[in-house]
**Q** 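Sharing a structure here in structure tokens format.
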Amino acid sequence: MDLFDIDDAQKNSQKKLRINELEKLISKYQAQYYNGESEISDFEFDKLWDELKLLDPDNGILKKVGADSGNFEKASHVMPMGSQEKAANPEQFLEWAVKHNYSEYLVEYKLDGASLELQYENGSLIRAVTRGDGTVGDVITNNALKMKGVPRKLSENFTGGVRGEVIMTHQVHKEKYSDKANCRNAANGLMKRKNGEGSENLELITYDVWSTTGVQPFSDEEEKLKWLKDNSFNTVPLHICKSAREVIDYRGQVMELRKNEIPYDIDGLVIKERTVNHQDASRARPDRQIAFKFSLEEAVTILRSVEWNENGATYTPVAIFDPVDLNGTTVQKASLANPNLIKNLGLKIGHKVVVVKRGEIIPKIESVLPESDLSCEQLNSLSEIIVPDKCLSCGSSLVNDGTRLYCPNSTCSKKILHRLLKWTQTADIRDLGETLVAALFKSGLVKCISDLYSLTEQELTPFFLNEESIEDNKKSLGAQKVYASIQNHRTLTLSQFIAGFDIEGIGETLVDKLVDGGFNSLEKLINASVEEIASVYGFAEIMAASFVQGMRECKDEMNSLVQSGTIILKQISGGKLEGKSFCFTGELHTIKRADAEKLVKENGGSAKSSVVKGLTYLVTNDKTSGSSKNVKAASLGIPVINEEEFLALFK
């Protein structure tokens, strides 16, 4: 059967297979977690959880908590121990906050330990129960009584449950259990030892309580923590924020604190409303509170300087900061995108900043921590970021329109050289390397794209042979090869042709969108207005204005190249892949990705840089990967094929 004939049933089959695989993996790792034998990190587990949630939001696995071993007596909880809804980044938290617009947000540390419920009757501890499956857990009372922060007798005549997290401090882990992967794993193992040995090295920190008789001894969440303190329990710190944005700022502060100042592990914050909502808290997954998690892909550091990278006519700010580890990689630089971002962040040299690196995105500065976090010395050392005002190549005054800082001089040498390099790359003239292009430009032989195609072997020879060899009438194989390569790349698609002129922010993919949107000739693209370009999906007004301006600057040379026959615009219709779209991810073995994308376009198809609705195929050699592209393809029901299946389409 032709791969293009894959129907909805087959798509659903692929989706079900992945769901089944995720169910098995999550169940396996969840069981390991609750028995103190975690094989993967929380970050890796969360990726699997999020993928299953995306593919099958109502899956029963998402409503289960886990299971303890069968080594202890079982008991039911007073308070159900469900799983919390979570936000992995500020964007997800803000989405939640829009639906939960509280007048204030009560914020607590999300402890990275093992949940435990203490059950009291008339003020006396009768049992301590682990999390178990969320309803029933193991009774480990004798072990719990050895832990710090577990009072045997309360000062009040209280009957009900107290919930907390069993933790091991960094100091104890370092001194006694450094052979364990982390504090949480070590704590899990100790608390479930039959003989209770080592439990004295653990500590319980509490955050919840519920009376099963009479009225509750508190009226809101803040008073709940006060009651716990008054009864000799250790409690999580409480911070009250007046807005969602303040929560995000506080999260950044805590990320900085946890490096050296918090003695135990936390992996995020828990956000609640002031009102105690026991009914919501009793659900398998409460809606009125959320875990705002930290990530291996973000860190707090200090901005030390800003460099301005020149890329053609554009000057892009790059932040230089103290090195941080992001997902196993040491990072010291991040893009600041444009002057507007610096202005909107209120960014200064010396500020503490949150740096993120998510998925396949390069590092960037996401936010600035409040200046109240800085010492007097740090405040006094803050300095403004200096924005350049002159082009380093031609001396022209730079234009700063907020979204872009650039040299407006169309004859700027750096701008022209960058365009020549972009052309050779887009036209795929591989034998015409960057060094040779720069030398030809410096010599004056090549001043524009048209000049490349008028080069002769004789003109190229001095760049390969010395004067003596030339006088001996020696032929240069290098010059012959470059000349032939240039002449063999005169036929281009319309998208390649436009992208080769190096218009700011415009690549082949974006031109493809314009072509698909009806601008399928050079004449139409040259004559299009800003409003017409902006109406095409993927183009905003600023990008549309940049495109129209670039086309006007280049139209004379564009028309000259085409009308003279120097460049032939390829008209593709009726190709094998006409109307089909492809996105590639991961490593290909027998063909380079650029060549695969070129092959698609030469056969009438289109190559996409991301997975979008309506995509025909995602091509990858790792179909089971949890990458963002694989996850999105599965959620949209897009068929995933490997390299061999892709190449079979051309046979």
Side-chain angles (χ1 to χ4, degrees), residues 311-314 316 337-338 340-341 360-361 399 401-404 406 410 419 422-423 425-427 449 492-559 561-562 567 569-575 577-585 594 597-598 600-618 628-629 632-633 636 638:
N311 188 7
T314 302
T316 303
N338 53 50
N340 265 358
L341 181 60
E360 299 174 4
I361 303 174
V399 175
D401 64 9
T403 60
R404 182 184 171 210
Y406 65 96
S410 60
R419 177 173 293 163
K422 179 67 179 291
W423 178 270
Q425 178 186 23
T426 307
I449 293 170
L492 306 175
T493 65
L494 180 58
S495 296
Q496 283 179 299
F497 181 76
I498 300 298
F501 275 85
D502 197 27
I503 298 172
E504 176 67 23
I506 305 298
E508 285 185 66
T509 301
L510 281 174
V511 184
D512 282 338
K513 290 182 178 180
L514 292 175
V515 172
D516 293 341
F519 297 93
N520 52 5
S521 71
L522 179 59
E523 183 181 7
K524 289 179 181 178
L525 289 170
I526 288 175
N527 295 325
S529 66
V530 173
E531 293 74 19
E532 288 173 328
I533 297 298
S535 69
V536 175
Y537 175 76
F539 281 80
E541 188 173 337
I542 293 174
M543 185 179 289
S546 177
F547 176 79
V548 170
Q549 179 184 339
M551 292 297 291
R552 287 172 182 167
E553 287 181 4
C554 302
K555 69 175 184 179
D556 288 343
E557 187 172 14
M558 286 180 176
N559 283 326
L561 283 167
V562 174
I567 296 296
L569 294 181
K570 195 184 301 181
Q571 302 297 322
I572 300 175
S573 60
L577 306 185
E578 186 175 8
K580 311 300 176 185
S581 55
F582 296 76
C583 177
F584 297 85
T585 186
E597 291 176 343
K598 181 181 177 183
V600 167
K601 293 172 184 178
E602 288 177 347
N603 284 271
S606 60
K608 307 292 185 183
S609 59
S610 59
V611 175
V612 295
K613 189 174 182 180
L615 184 75
T616 308
Y617 291 116
L618 174 66
S628 58
K629 287 182 179 178
K632 192 168 184 182
L636 295 174
I638 293 168

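From a predicted model like this one, the values you see are computed outputs, not experimental measurements. Numbering starts at 1 and runs along the sequence shown.
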**Q** Name each donor-acceptor pair under 3.5 Å that joins a side chain in residues 532-544 to protein atoms two or more places apart or in another chain, with its distance.
**A**
| residue | atom | partner | partner atom | Å |
| --- | --- | --- | --- | --- |
| Glu532 | OE1 | Ser529 | N | 2.9 |
| Glu532 | OE1 | Ser529 | OG | 3.4 |
| Ser535 | OG | Glu532 | O | 2.5 |

**Q** Is Tyr406 close to Asp401 at the side-chain level, that is, under 4.5 Å between some pair of heavy atoms?
**A** yes

**Q** Verify side chain to side chain contact (heavy atoms under 4.5 Å, CB included) between Leu577 and Thr616, making sure each step is shown before the conclusion.
**A** CA-CA 10 Å; Leu577 306 185; Thr616 308; over 6 Å; no

**Q** Within a reach of under 6.0 Å around NZ of Lys513, are more than 12 heavy atoms found that belong to other residues, nucleotides or ligands?
**A** yes

**Q** Under the criterion side chain to side chain contact (heavy atoms under 4.5 Å, CB included), I'd like the reasoning laid out for Glu504 against Gln549: C-alpha separation, chi angles, the key distance, then a yes or no.
**A** CA-CA 10 Å; Glu504 176 67 23; Gln549 179 184 339; over 6 Å; no

**Q** With rounding to the nearest 0.5 Å, note down the distance linking NZ in Lys629 to CD1 in Ile638.
**A** 12.0 Å

**Q** So, for Leu636 and Lys613, which heavy atoms are closest and what is the spacing to 0.1 Å?
**A** CD1-N, 3.8 Å

**Q** Just verifying a value: how many Å separate Lys601 NZ and Leu494 CG, rounded to the nearest 0.5 Å?
**A** 11.5 Å

**Q** Starting at NZ of Lys422, measure out to CG of Asn311 and round the result to the nearest 0.5 Å.
**A** 8.5 Å

**Q** Rounded to the nearest 0.5 Å, what's the gap from CG on Leu615 to NZ on Lys580? Could you check?
**A** 11.5 Å

**Q** Looking only at atom types and distance, does a side-chain atom of Glu557 sit under 3.5 Å from a main-chain N or O of Ile449, one as donor and one as acceptor?
**A** yes

**Q** Of the non-hydrogen atoms in Ala499 and Gly507, which two are nearest, and what is the gap between them?
**A** CB-C, 3.8 Å

**Q** Rounded to the nearest 0.5 Å, how far does CD1 of Ile498 lie from OG1 of Thr493?
**A** 9.5 Å

**Q** Indicate the ring-plane relationship of Phe501 and Trp423, choosing parallel, tilted or perpendicular according to the 30° and 60° boundaries.
**A** perpendicular

**Q** Output, in order, the C-alpha distance, side-chain angles, deciding distance and verdict of side chain to side chain contact (heavy atoms under 4.5 Å, CB included) for Phe584 and Val600.
**A** CA-CA 11 Å; Phe584 297 85; Val600 167; 4.1 Å; yes

**Q** Which pair of heavy atoms, one from Ser495 and one from Asp512, lies closest together, and at what distance?
**A** OG-OD1, 2.6 Å

**Q** Please check this pair: side chain of Lys632 against backbone of Val611, looking for a donor-acceptor N/O pair closer than 3.5 Å.
**A** yes

**Q** Would you list the pairs meeting salt bridge (charged side-chain N to carboxylate O under 4.0 Å, His left out) in which at least one residue belongs to residues 544-554, sequence neighbours left out?
**A** Lys415-Glu553

**Q** Could you measure the distance from the OH atom of Tyr617 to the OG atom of Ser581? Nearest 0.5 Å is fine.
**A** 10.5 Å

**Q** Just checking, any donor-acceptor pair under 3.5 angstrom between side chains of Asn520 and Lys524?
**A** yes

**Q** Quick one: closest heavy-atom pair of Ile503 and Phe547, and the distance?
**A** CG2-CA, 4.0 Å

**Q** Can you tell me which residue among Asn338, Thr314, Thr316 is in a side chain to side chain donor-acceptor pair (under 3.5 Å) with Arg404?
**A** Thr314

